[in-house]
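In what follows, a single structure is set out as structure tokens and then discussed.
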Amino acid sequence: MDVRRPVVVGVDGSESSGAAVRWGARHAREVGAPLRLIYAAGTAEPVAVSERVLNAAVMEAGSGLDFSAYEVPGDAVAALVGASREAGLLVLGESERGRFAAALTGSVAVRVVADAVCPVIVVRGDSDPVGPLVVAVDGSRSNEPALAYAFREAERRECALFAVHAWQQPLVPTGAGTLASAAADGWEEWAAAAKRLLSDALVPWRSAFPTVAAYERLVEGPAESAVTHETSGAALVIVGSRGRGQLAGLLLGSTSQALIRDSGCPVAVIRAVD
């Protein structure tokens, strides 16, 4: 991220937003970036509520930071997407409660994450910042910004990076109106092709970041569940997003949505450049 741009954290007074503030403040200290805390308040909301939420967030952030905290009137999604235009990183909390995370598997998170201009971190609980990174690899060009972010962050943290590619044999009609996996005797071929895709995707990044210990993890099964399973014990998982726009739910992708919902660690969603 550009350290001249602030780390922006959306706060709403919930426990999850407190975790997001702590994560964002720690990251801002590490990279030397300013911290910005924003709260989107409804038009009928008492001023005392905004003050209480922002004061609590400032206490969570701690000292030793160049930071500001302010209220933005109106819709939370619009406020966060607007803030992302000037941010180096946007941080959200994950919870079943709260204005910013009313339904992180639904419209709020999809709209914020898919429409944000900068990388977005969705913080799930108080995770341990120490550990390896995981990046989801699909072999597409839209995945390259996620790989670039993952290698840069692994280099900065001096930690291992696990590149995960999930694959499945293609499904074929059974003749009874259902689908089944292709013949078992083709399994080795499909597995070898998946391994080549993963290895080829990492070649330029290994060359550009020779000090990063990058390991390949080939897993069989649906990407939504297979990649999510690999996040246990990780400090951060990075996944790409295909873009922004009216079809945000589709553009975000099922793997990104599954990680936001079920990942064992914070999730970084990196949007491909339009």
Side-chain angles (χ1 to χ4, degrees), residues 1-3 5-12 14-38 56-67 69 84 87-95 98 100-101 104 109 113 116 118-136 145-164 205 209 211-215 217 227-240 256 259-270:
M1 66 172 277
D2 185 347
V3 296
R5 292 175 176 267
V7 173
V8 174
V9 184
V11 300
D12 62 9
S14 68
E15 291 182 12
S16 65
S17 79
V21 171
R22 291 188 290 274
W23 194 100
R26 183 172 58 243
H27 185 82
R29 285 190 188 92
E30 290 174 354
V31 301
L35 180 70
R36 302 289 179 261
L37 310 176
I38 66 171
V58 169
M59 293 294 291
E60 291 283 8
S63 59
L65 278 167
D66 169 12
F67 76 89
S84 76
L89 192 68
L90 179 62
V91 185
L92 307 175
E94 188 281 334
S95 172
F100 286 104
L104 272 174
V113 174
C118 68
V120 180
I121 305 290
V122 180
V123 178
R124 294 180 49 78
D126 272 317
S127 61
D128 188 344
V130 178
L133 305 187
V134 173
V135 60
L147 282 167
Y149 184 93
F151 272 84
R152 282 197 302 266
E153 191 65 7
E155 181 182 61
R156 184 185 71 80
R157 295 182 184 218
E158 299 181 343
C159 69
L161 173 64
F162 288 86
V164 179
W205 304 106
F209 296 88
T211 63
V212 173
Y215 302 94
R217 287 283 294 149
V227 177
T228 300
H229 184 266
E230 297 296 317
T231 63
S232 178
L236 183 70
V237 58
I238 301 100
V239 65
S256 301
L259 285 168
I260 290 172
R261 184 183 65 243
D262 298 323
S263 170
C265 66
V267 181
V269 182
I270 313 299

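Owing to the predicted nature of the structure, the values given are computational and were not obtained by experimental measurement.
- Residues T228 and D262 share a closest heavy-atom pair of CG2-O, 3.5 Å.
- For R217, the salt bridge (Lys or Arg N to Asp or Glu O under 4.0 Å) test picks out E230, with sequence neighbours left out.
- For E155, there are no salt bridge (Lys or Arg N to Asp or Glu O under 4.0 Å) partners at least two apart in sequence or on another chain.
- Residue S17 comes nearest to G10 through the heavy atom pair CB-O, 4.0 Å, listed as atom of the first residue, atom of the second, then distance.
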Below 3.5 Å, can you tabulate the donor-acceptor pairs from side chains in residues 57-66 to any protein atom, sequence neighbours excluded?
| from | atom 1 | to | atom 2 | distance (Å) |
| --- | --- | --- | --- | --- |
| E60 | OE1 | R22 | NH1 | 2.7 |
| E60 | OE2 | R22 | NH1 | 3.1 |

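- Separation of atoms CZ (F209) and CZ (R156) is listed at 12.5 Å; rounding is to 0.5 Å.
- Applying the side chain to side chain contact (heavy atoms under 4.5 Å, CB included) criterion to A268, with sequence neighbours excluded, gives I121, Y149, L236, I238, I270.
- Applying the side chain to side chain contact (heavy atoms under 4.5 Å, CB included) rule to A154 yields the partners L133, C159, L161, V212; only residues at least two apart in sequence or on another chain are considered.
- The minimum heavy-atom distance between L92 and A20, with the atom names listed, is C-CB, 3.7 Å.
- The two residues G131 and A235 come nearest to each other via the heavy atoms O-CB, 3.7 Å.
- Looking at I260 and V113, their side chains come closer than 4.5 Å, going by heavy atoms from C-beta outward.
- Between G233 and P132, the shortest heavy-atom contact is O-CD, 3.7 Å.
- Not a single ring pair (Phe, Tyr, Trp, His ring centres under 6.0 Å) links F67 to another residue, sequence neighbours left out.
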**Request:** Evaluate the criterion side-chain contact (heavy atoms from CB on, under 4.5 Å) for residue pair T231 and L259; output intermediate values, then yes/no.
**Result:** CA-CA 9 Å; T231 63; L259 285 168; 3.9 Å; yes
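- Exactly one of V269, V135, V267 qualifies for a side-chain contact (heavy atoms from CB on, under 4.5 Å) with V237. That residue is V267.
- Remark: side-chain polar atoms of S256 are paired, donor with acceptor, to backbone N or O of G240 under 3.5 angstrom.
- In this structure, the side chains of R5 and C118 stay at 4.5 Å or more apart for every pair of heavy atoms.
- When every heavy atom of P119 is checked against every heavy atom of G88, the shortest pair comes out as CD-O, 3.6 Å.
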